[in-house]
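Computation of the quantities below employed the complete heavy-atom set of this structure, encompassing side-chain atoms and omitting hydrogens, waters and symmetry-equivalent molecules. Read the numbers this way: they start at 1 and go in the same order the structure lists the ligands and their atoms.
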Amino acid sequence: MATGFSFELKATDGKARTGVISTPRGDIRTPAFMPVGTAATVKAMLPESVRATGADILLGNTYHLMLRPTAERIDRLGGLHKFMNWERPILTDSGGFQVMSLSGLRKLTEKGVTFKSHVDGSRHEITPERSMEIQRLLGSDIVMCFDECTPFPATEEQALESMRLSMRWAQRSRDAFGDRPGHALFGIQQGSTFREQREESAEALKSIGFDGYAVGGLAVGEGQEMMFDVLDYAPDMLPVEKPRYLMGVGKPDDIVGAVKRGIDMMDCVLPSRSGRTGQVFTRRGVLNIKNARHQDDPRPLDEECSCPACRNYSRAYLHHTFRAKEIIQSMLLTWHNLHYYQDLMQGMRDAIAAGTFAQWEADFHAKRAEGDI
Ligand SMILES: Nc1cc(N)c2c(=O)[nH][nH]c(=O)c2c1
């Protein structure tokens with residue numbers, strides 16, 4: 001582990017683990033959920049509100065920030081933490097995933113990816129070396145290797161070619177990252193749904209050596225059953241003493257299933273994005289506040305939730321502000337969803353520490369089966 005970084009496993013319960021990642025900017029309690037702060041903001045939230053939900057770390061998107069306002073400008077202004085007023089840990093992705101999903105006119109070669117900005121149509125190139133430079137300029141605490149997220153579905157040959165490219169890029173990322181005390185570099189396992197390729201990828205990453213290891217190439221349309229099939233073996237291939245990060249996940253039941261299979265960190269836009277579209281996550285399942293059935297309902301979104309929305313507002317009010325397109329609707333529902341996700345993580349951390357994860361998981365699913373939300 002990089003100087004200034006450490007990961008201490010506090011307890012395990014089956015494959016589920018709880019621990020602490022210690023960084024110069026603060027501790028990260030695992031299993032951890034990272035809210036996504038795409039363009040240097042978790043949309044509709046102040047940083048102090050994000051912290052109040054229980055988040056220890058948030059994610060920044062290299063692709064968005066390199067285009068606007070640019071990494072060089074953020075560096076000149078003191079780095080991403082100062083720029084967005086979040087002094088706790090930040091993990092940045094490498095930009096590779098969003099380049100392939102958001103930009104236009106892309107050309108992928110051994111060197112990297114050239115593309116056209118979705119913002120203003122300007123041409124750009126991102127390589128492992130450039131991705132490391134951008135993430136350094138941003139000042140992120142946990143840097144992700146530049147990789148190719150293998151599309152799904154992929155043939156065995158396509159997946160193998162893609163994975164091996166990512167492993168060559170992982171070596172170049174490691175070489176370009178250098179030795180940066182207080183900053184960590186995570187590798188990303190690929191191999192799609194092919195066990196042997198996941199093994200080859202894990203061995204390649206371990207031989208290079210990283211401070212943490214991500215399971216990539218999932219949450220790309222394969223569905224929960226296939227994702228869990230891969231998670232039944234892929235995390236076990238990674239070093240037990242290093243953090244394991246599942247990228248882009250997910251719905252609450254995805255997260256529970258991933259933690260059950262040994263994952264320590266996750267990120268997803270779902271809770272924040274859903275907050276803006278009226279989708280609300282509760283202990284009894286998902287509801288959409290725009291549904292007319294809520295217009296006279298005096299109850300909170302979730303009787304067991306202590307967030308500002310649930311403490312101070314009725315479903316009727318939230319239904320009204322959604323219908324009226326009031327800004328407060330995005331603020332309150334985003335806050336609630338992120339608070340619910342952090343309560344979910346805290347519940348799992350406590351259950352793993354107590355050795356009661358199986359019962360906690362059963363209760364989690366039983367409440368959702370009761371319905372009546
Ligand atoms: N679902 C995913 C979300 C992501 N942000 C990534 C990524 O950034 N890199 N590589 C990946 O495989 C990947 C998968």
Less than 4.0 Å is my threshold; does some heavy atom of Gly96 fall inside it relative to ligand 1?
no
Answer with yes or no whether the hydrophobic clustering places Ile373 together with Tyr340; edges join I, L, V, M, F, W, Y residues whose side-chain heavy atoms lie under 4.5 Å apart.
no
Quick check: Asp93 and ligand 1, any N/O pair under 3.5 Å apart?
no
Looking at Lys206 and Glu203, does any basic side-chain N land under 4.0 Å from a carboxylate oxygen?
yes
In plain terms, say whether Asp120 and Arg68 are close enough for a salt bridge, that is, a side-chain N and a carboxylate O under 4.0 Å apart.
no
Heavy-atom contacts with Ala219 under 4.0 Å: which atoms of ligand 1 show up? List them by number with element.
1 (N)
Could you see if Leu270 belongs to whatever hydrophobic cluster contains Leu231? Use Ile, Leu, Val, Met, Phe, Trp, Tyr and a side-chain cutoff under 4.5 Å.
yes
So, 4.0 Å and heavy atoms of Gln190: is ligand 1 close enough to count as a contact?
yes
Can Gln279 and Ser274 be counted as having a side-chain donor-acceptor contact under 3.5 angstrom?
yes
Polar side chain donor-acceptor pair, Ser314 to His319, under 3.5 angstrom:
no
Residues Thr53, Gln342; criterion side chain to side chain donor-acceptor pair (under 3.5 Å); working and verdict:
CA-CA 6 Å; Thr53 66; Gln342 296 300 337; 4.8 Å; no
Ranked by distance from atom 1 (N) of ligand 1, the top protein heavy atom is Leu218 O, 2.7 Å
Atom 9 (N) of ligand 1 - nearest protein heavy atom and its distance
Asp147 OD1, 3.1 Å
Heavy atoms only: which of Cys149, Cys268, Gly95, Gly248 is nearest to atom 11 (C) of ligand 1?
Cys149
The atoms of ligand 1 lying under 4.0 Å from a heavy atom of Gly216, numbered in the order shown, are 11 (C), 12 (O)
Give the residue, atom name and distance (to 0.1 Å) of the protein heavy atom nearest atom 12 (O) of ligand 1.
Gly217 N, 2.6 Å
Hey, does Ile188 come in under 3.5 Å of ligand 1, counting only N/O atoms on both sides?
no
Between Tyr63 and His124, a side-chain donor and acceptor under 3.5 Å:
no
How far is atom 13 (C) of ligand 1 from the closest protein heavy atom, and which atom is that?
Phe97 CD1, 3.7 Å
Would Val220 count as a polar contact of ligand 1, with the cut-off being nitrogen or oxygen pairs under 3.5 Å?
no
